[in-house]
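Basis for what follows: all heavy atoms, side chains included, without hydrogens, waters or symmetry-related copies.
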Amino acid sequence: MQRKIGALRLGLTFAGCFLGAGYVSGQELWQYFGAFGAHGLLGLVLAIALLGGTGVLLLRLSARTGIEAMDALIVRADIPWLRTLVGVLTAALLFGVTGSGKTLVYLHLIEQALAAGQGAILLVPEISLTPQMIEAFSAYFGDAVAVLHSGLPLSERYDEWKRIRAGLARVVVGTRSAVFAPMENLGLLIIDEEQEDTYKSESTPRYHARDVAKFRCAQHRALLLLGSATPDVVSRYYAETGRYHYFTLPDRFNARKLPDVIIADMKQELRNGNSGSISSVLYAELEENLRRGEQSILFLNRRGASKLVTCAECGATYSCPNCSVSLTYHQGNQMLVCHHCGYRQRVDDRCPVCGGELRFLGDGTERIEADVHALFPGVETLRMDADAIAMAGTHEALLQRFVRERIPIMIGTQMITKGLNFENVTLVGVLNADQSLYVGDYRANERTFSLITQVVGRSGRGDAPGRAVIQTFTPANETIRQAARQDYDAFYRSEIALRQLNGTPPFSEVLAVTVSGAQENAVVRCCAYICDYFRQTVGERAEVLGPAPLPVVRMNNRYRYRVTLYCSQSREVRRAAANIVMYCNTEKSFRDVTVFADDNPLD
């Protein structure tokens with residue numbers, strides 16, 4: 001019975017997110033629920049998921065701030081019970097440069113919430129950030145802190161859930177799913193590094209933790225605080241236009257300097273005869289750090305040893321039989337691995353097609369580790385990526401080793417770029433900074449700026465000044481130069497102007513309907529039908545694009561195509577999307593495909 005009640009609360013919370021945003025009426029939700037027959041709550045959750053991601057609540061801000069300021073946020077509601085439930089609330093964006101002391105602000109606000117008899121939830125984007133956060137928060141609040149994330153055993157998560165439910169834990173720290181923690185008297189909900197993609201669920205039910213947080217804060221009349229050194233461009237725009245309060249921490253804590261940054265031109269390195277992964281500039285800086293006894297971090301957002309294995313004579317490559325991607329070579333176990341479906345096979349000594357020599361292209365963290373060992377024999381390194389964590393057991397074990405044993409060089413992927421605080425780290429190297437810059441996504445500039453800025457910010461957080469080296473083939477690129485200067489305001493101004501010109505969020509809403517199936521022709525046929533339907537029903541209100549294949553068109557033996565809508569926030573467009581998703585999932589002629597809608601998808 002307890003589990004059923006908990007599941008019902010979860011389902012109603014999802015329903016409330018859509019209802020509170022005004023994107024679907026109670027009558028429509030009931031209609032979709034009934035379409036799934038007598039499957040109880042599952043039908044309700046599935047119906048909600050089919051409507052796409054949660055939406056943005058309408059905000060109206062006053063001049064007052066603080067936990068007790070309850071007159072700043074108005075939620076549009078189309079049903080009487082929700083209008084009386086949510087009341088009037090507040091939301092704020094906190095921008096602070098890396099190392100500015102945002103965590104201290106969080107601690108102070110949580111302390112105020114607890115003093116008022118309320119509870120608090122702090123969301124972090126990565127499991128790797130929870131150990132340091134827990135250490136800091138437990139020192140302040142003791143046993144009142146609970147932890148919720150997917151890395152915990154199920155029994156431990158359930159114990160934490162019971163502690164929160166019983167009111168024994170009044171502070172919750174966790175990743176995306178912790179937004180659903182059963183905190184009865186919620187007074188404060190903080191989302192740290194709120195721009196991170198990890199806050200969005202890409203599987204059913206599809207939601208963004210930020211949108212669920214808005215609803216929960218409306219439900220409890222609580223303060224929502226979004227914090228970041230590189231805020232989401234949409235959030236920054238909402239702050240600029242008055243939807244959020246806006247606060248800044250423009251300087252580092254204790255007036256420490258931001259790292260001095262050098263941009264290394266890898267084209268010039270090639271001209272000088274250096275074709276390796278470590279530039280001469282970075283090599284010299286690493287050598288200096290080793291001499292001083294200080295630690296360094298090397299960042300490359302690609303695990304494995306080599307992204308591509310190809311024959312130097314016939315050009316043959318190794319591809320995944322289940323996905324339309326090449327296999328990544330992992331040097332540790334001599335295996336070729338698909339990072340999408342998990343398929344693996346042994347690498348051959350010679351090309352299986354012509355017997356030619358194999359070439360290994362596209363460096364990953366394993367290759368960088370090998371290169372560092374070759375350049376600095378006898379120097380200990382620590383690699384932190386998904387493969388290394390699987391062998392070590394936990395993120396915490398690796399992080400503690402790095403601090404306790406003062407390992408000179410850490411090499412890692414995106415999980416080391418944010419939130420971590422190592423006082424002895426005085427050098428950061430960003431390898432292949434162009435990697436995320438030239439992809440087919442309107443958020444490419446934002447993601448690149450955020451990654452570089454965040455990882456550079458790991459340097460110089462102690463008494464010694466920090467340095468950073470950004471290796472790039474496009475040193476004149478404005479995004480890279482802005483990240484090197486840690487100049488978020490300049491980046492925001494250029495990016496918001498570009499988005500306004502292109503009509504991308506926040507100046508429009510992106511709604512995608514994705515079709516997947518084992519037979520490509522069936523998927524394309526369904527997509528074409530959906531595209532025609534949208535052009536006939538909402539063609540005047542939305543720009544309809546597609547059908548188009550996803551970047552990885554075949555994943556785990558299922559083909560994936562998408563129809564994308566660019567529109568203003570419109571109930572009619574969302575209703576049309578909900579109707580076509582319901583129709584295609586119940587129509588016999590489309591029984592071989594799966595259709596779902598999502599708001600502003602990541603891929």
Side-chain angles (χ1 to χ4, degrees), residues 56 59 61 65-67 69 72-73 89-113 119-130 132-134 136-137 140-141 145 171-176 178-179 181 186-200 208-214 216-217 222-240 243-253 258 417-421 446-447 449-451 453-458 461 486 488-489 491-492:
V56 176
L59 309 178
L61 297 174
T65 60
I67 293 178
L73 171 64
L89 315 160
T90 187
L93 174 65
L94 173 64
F95 163 72
V97 298
T98 55
S100 58
K102 292 185 291 295
T103 302
L104 293 178
V105 176
Y106 302 158
L107 287 167
H108 181 67
L109 289 175
I110 291 173
E111 188 177 33
Q112 290 187 22
I121 297 175
L122 170 66
L123 302 184
V124 294
E126 300 274 359
I127 294 176
S128 60
L129 298 184
T130 53
Q132 285 197 353
M133 283 292 189
I134 290 299
F137 278 65
Y140 273 77
F141 307 116
V145 179
V171 179
V172 177
V173 179
T175 50
R176 180 179 64 215
V179 74
L186 182 64
L188 174 66
L189 203 159
I190 301 171
I191 303 181
D192 189 32
E193 307 298 352
E194 61 92 24
Q195 81 286 351
E196 287 299 319
D197 292 339
T198 50
Y199 285 123
K200 183 172 176 61
H208 198 296
R210 182 172 53 225
D211 297 323
V212 178
K214 289 175 183 177
R216 291 211 64 187
C217 287
L223 166 66
L224 172 63
L225 179 65
L226 309 175
S228 179
T230 55
D232 184 279
V233 169
V234 175
S235 296
R236 178 65 180 85
Y237 178 77
Y238 287 164
E240 185 176 56
R243 295 188 178 188
Y244 297 159
H245 288 294
Y246 185 55
F247 302 95
T248 63
L249 296 171
D251 301 309
R252 279 193 156 185
F253 185 70
L258 288 169
T417 62
K418 62 191 77 71
L420 300 176
N421 186 33
E446 180 179 5
R447 287 171 176 164
F449 177 87
S450 179
L451 274 175
T453 302
Q454 292 283 354
V455 72
V456 166
R458 300 312 103 202
R461 299 172 79 93
Q486 305 270 290
Y488 176 80
D489 286 338
F491 166 75
Y492 169 74

Note, [X] side chain near [Y] side chain (heavy atom, < 4.5 Å):
| X | Y | result |
| --- | --- | --- |
| Ile110 | Phe137 | yes |
| Tyr140 | Val145 | no |
| Arg461 | Thr98 | yes |

Please check: side-chain N/O of [X] versus main-chain N/O of [Y], any donor-acceptor pairing under 3.5 Å?
| X | Y | result |
| --- | --- | --- |
| Arg216 | Ala181 | yes |
| Arg252 | Val97 | no |
| Glu194 | Ser228 | no |

Relative to each other, are the rings of [X] and [Y] parallel, tilted or perpendicular (30° and 60° limits)?
| X | Y | value |
| --- | --- | --- |
| Tyr492 | Tyr488 | parallel |
| His208 | Tyr199 | tilted |
| Phe449 | Phe491 | parallel |

Identify the heavy atoms of Ser235 and Tyr244 that sit nearest to each other, and give their distance. O-CD1, 3.7 Å

Working note: Val456 + Leu258, criterion side chain to side chain contact (heavy atoms under 4.5 Å, CB included); need CA distance, chi angles, decisive distance, verdict. CA-CA 9 Å; Val456 166; Leu258 288 169; over 6 Å; no

Run the side chain to side chain contact (heavy atoms under 4.5 Å, CB included) test against Asp251 and tell me which residues pass, sequence neighbours left out.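 If we apply the side chain to side chain contact (heavy atoms under 4.5 Å, CB included) test to Asp251, skipping adjacent residues, there are no hits.
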
Assess, by modelled atom type and distance only, whether the side chains of Gln454 and Glu193 contain a donor and an acceptor separated by less than 3.5 Å. yes

Rounded distance (nearest 0.5 Å) linking atom CG of Leu109 with atom CG of Leu223: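 With rounding to 0.5 Å, CG (Leu109) is 6.5 Å from CG (Leu223).
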
Taking the six-membered ring of Tyr237, is NZ or CZ of Arg243 closer than 6.0 Å to its centre and within 45° of its axis? no

